[in-house]
Visitor: 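Structure incoming, see below.
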Amino acid sequence: MPELPEVEVIRRELEPLLKGKVFAEPMLQMPSTIEYPSPELFAASLPGREINNLNRRGKYLIINLDRGILTVHLRMTGNLLYVDDDTVSEERFLRLSLPFTDGSALHYFDMRRFGRLWLTETQAELKEVVLKRIGPDILNDLCRDDFLELLGKRERSRIKALLLDQGFAAGMGNIYTDECLYRSGIDPKRRVQDLKKEEAEKLYQSILEVLAEGIKYGGTTFRDYRNARGALGDFQSRLAVYGRKDALCRCGASITKAKVAGRGTYYCPRCQK
DNA sequence: AGCACCACCTGTGGGC
DNA sequence: TGCCCACAGGTGGTGC
């Protein structure tokens with residue numbers, strides 16, 4: 001579900017709400033949601049830790065504590081909801097309750113149960129255990145020349161597969177990748193080695209623009225995404241291609257759906273070459 | 001290196 | 001109406 005913009009929206013909302021909060025006793029409705037360390041150790045060691053600030057790397061939400069780091073990945077259908085008073089109105093799909101000492105709480109919901117949390121003690125452990133194969137954040141840690149240089153090392157990849165590869169750069173998912181390729185006029189099946197320099201530059205610009213717009217409009221709610229207060233995103237109404245099979249592109253051609261990099265892929269066969 | 005395929009889960013929507 | 005199958009915003013493992 002959530003790609004970089006959705007996680008960033010959640011981060012921006014949660015940071016002022018969570019700063020200074022101290023964790024109380026967690027409730028692990030579904031212990032396997034805790035990836036690291038063991039659910040028992042997680043539950044025993046979280047209480048008493050205080051939240052300093054929130055970061056993000058790609059689709060990972062990184063909650064820095066006074067001691068250690070709590071990391072969350074929402075995968076397909078995870079939702080992180082903040083409530084002022086720890087009452088659960090909806091029990092369905094509730095996987096974790098993380099109450100704070102002041103009576104507020106963070107609730108983790110996840111229909112498909114793919115999402116995971118990690119509690120690590122140091123930055124080195126975070127990198128080793130959680131972010132081992134994660135590349136630089138495509139929005140914050142990659143300038144245009146870095147992007148072009150990294151592209152040069154992956155010449156034989158299909159451009160769509162590469163953008164989805166979190167080890168190349170972190171943050172792009174299926175929706176925003178299709179939107180970026182549309183805006184830069186690039187067929188998702190193209191190989192990196194066949195891109196002209198101007199096309200690669202246009203792609204980089206499109207990525208920054210689309211991600212910024214996604215954040216500005218509160219993310220994309222295609223189905224399940226909710227922000228940290230339970231509200232829907234608004235970017236779905238501005239999508240040019242994703243989910244719009246058979247709709248007309250502004251050039252007059254029909255948006256086409258195909259399988260590229262193993263994923264449903266939407267593009268305009270006339271505008272994207 | 002790159003890719004196809006499967007697995008992990010639950011729900012939904014389209015086709016028949 | 002109802003059943004079945006494909007597919008869904010993500011990622012990790014395997015094997016070619």
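Please read these numbers as outputs of a predicted model, since none were measured by experiment.
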Visitor: May I ask you to decide if the ring planes of F235(A) and Y176(A) are parallel, tilted or perpendicular, using 30° and 60° as cut-offs?
Guide: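 F235(A) and Y176(A): parallel rings.
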Visitor: In whole Å, measure the gap between the C1' atoms of dG13(C) and dT10(B) for me.
Guide: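 The same atom, C1', in both gives a distance of 22 Å.
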Visitor: Expressed in whole Å, how much space separates the P atoms belonging to dC5(B) and dA6(C)?
Guide: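 Their P atoms lie roughly 14 Å apart.
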Visitor: Which of residues 108-124 of chain A sit near DNA chain B, with a heavy atom under 4.0 Å from it?
Guide: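 Those residues whose heavy atoms fall under 4.0 Å from DNA chain B, taken from residues 108-124 of chain A in numerical order, are M111(A), R112(A), R113(A), F114(A).
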Visitor: Report the C-alpha separation of Y36(A) and T71(A) in whole Å, then their side-chain angles, then the decisive distance to 0.1 Å, and conclude whether the side-chain contact (heavy atoms from CB on, under 4.5 Å) test is met.
Guide: CA-CA 10 Å; Y36(A) 184 91; T71(A) 305; over 6 Å; no
Visitor: Tell me whether the rings of Y60(A) and H73(A) are parallel (<30°), tilted (30 to 60°) or perpendicular (>60°).
Guide: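 Rings of Y60(A) and H73(A): perpendicular, as their planes differ by over 60°.
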Visitor: Does the side chain of K257(A) get closer than 4.0 angstrom to OP1 or OP2 of dA8(C) through an N or O atom?
Guide: yes
Visitor: So which one's nearest nucleotide on DNA chain C is more toward 5', G262(A) or Q166(A)?
Guide: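 Its nucleotide being nearer the 5' end, the pick is G262(A).
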Visitor: Check step by step if side-chain contact (heavy atoms from CB on, under 4.5 Å) holds for V130(A) and I69(A).
Guide: CA-CA 11 Å; V130(A) 188; I69(A) 307 119; over 6 Å; no
Visitor: Scan every strand shown for a Watson-Crick or G-U wobble partner of dG12(C), both distances under 3.5 Å, and answer none if you come up empty.
Guide: dC6(B)
Visitor: What do you reckon, is CZ of R191(A) surrounded by more than 12 foreign heavy atoms closer than 6.0 Å?
Guide: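 Enclosed.
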Visitor: Testing the 3.5 Å rule here: is there a donor-acceptor pair between the side chains of D110(A) and T77(A)?
Guide: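 T77(A) and D110(A) do have a side-chain donor-acceptor pair below 3.5 Å.
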Visitor: Quote, to the nearest angstrom, the P distance that separates dC6(B) from dC5(C).
Guide: 15 Å
Visitor: Between V130(A) and F222(A), who's closer to the 5' end of DNA chain C by nearest nucleotide?
Guide: F222(A)
Visitor: Below 3.5 Å between N/O atoms, which protein atoms pair up with nucleotides 13-16 of chain C? Just atom names and distances, please.
Guide:
residue, atom, partner, partner atom, Å
dG13(C), OP2, R133(A), NH1, 2.6

Visitor: Flag the pair E15(A) and R11(A) as a salt bridge only when some basic side-chain nitrogen lies within less than 4.0 angstrom of an acidic carboxylate oxygen.
Guide: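 Yes, E15(A) and R11(A) are salt-bridged.
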Visitor: Could you measure between the two C1' atoms, the one in dT12(B) and the one in dT11(C), and give it in whole Å?
Guide: 22 Å
Visitor: Given atom CZ of R57(A) and atom P of dG10(C), what is their separation to the nearest angstrom?
Guide: 18 Å
Visitor: Would you kindly confirm whether L139(A) and L162(A) end up in one hydrophobic cluster when ILVMFWY residues are joined by side chain heavy atoms under 4.5 Å apart?
Guide: yes
Visitor: Can a side chain N or O of H73(A) be found less than 4.0 Å away from OP1 or OP2 on dT11(C)?
Guide: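 Checking dT11(C) against H73(A), a side-chain N or O does come within under 4.0 Å of OP1 or OP2.
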Visitor: Answer yes or no: does a side-chain N or O of S157(A) lie under 4.0 Å from OP1 or OP2 of dG2(B)?
Guide: yes
Visitor: Quickly work out the K245(A) NZ to dG15(B) C1' distance and round it to whole Å.
Guide: 13 Å
Visitor: Using only side-chain N and O atoms of R263(A), determine if any of them is under 4.0 Å from OP1 or OP2 of dG9(C).
Guide: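 Indeed, a polar side-chain atom of R263(A) lies that close.
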Visitor: Using a heavy-atom cut-off of under 4.0 Å over every strand shown, decide if Y176(A) touches base, sugar-phosphate, or nothing.
Guide: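 Nothing, no heavy atom under 4.0 Å.
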Visitor: So, E199(A) versus S184(A): side-chain donor-acceptor pair below 3.5 Å or not?
Guide: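 S184(A) and E199(A) do not have a side-chain donor-acceptor pair below 3.5 Å.
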Visitor: Write down the distance between CZ (R154(A)) and P (dC3(B)), rounded to a whole number of angstrom.
Guide: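 Rounding to the nearest Å, CZ of R154(A) and P of dC3(B) are 9 Å apart.
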Visitor: Can a side chain N or O of Y242(A) be found less than 4.0 Å away from OP1 or OP2 on dG9(C)?
Guide: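 For dG9(C), OP1/OP2 do have a side-chain N/O of Y242(A) under 4.0 Å.
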Visitor: Rounded to whole angstroms, how far apart are CE on M172(A) and P on dT11(C)?
Guide: 12 Å
Visitor: Check the distance between dT10(B)'s P and R92(A)'s CZ and give it to me in whole angstrom.
Guide: 11 Å
Visitor: Any chance the side chains of E13(A) and Y82(A) put a donor and an acceptor closer than 3.5 Å?
Guide: no
Visitor: Hey, which sits more toward the 5' end of DNA chain B by its nearest nucleotide, R191(A) or R223(A)?
Guide: R191(A)
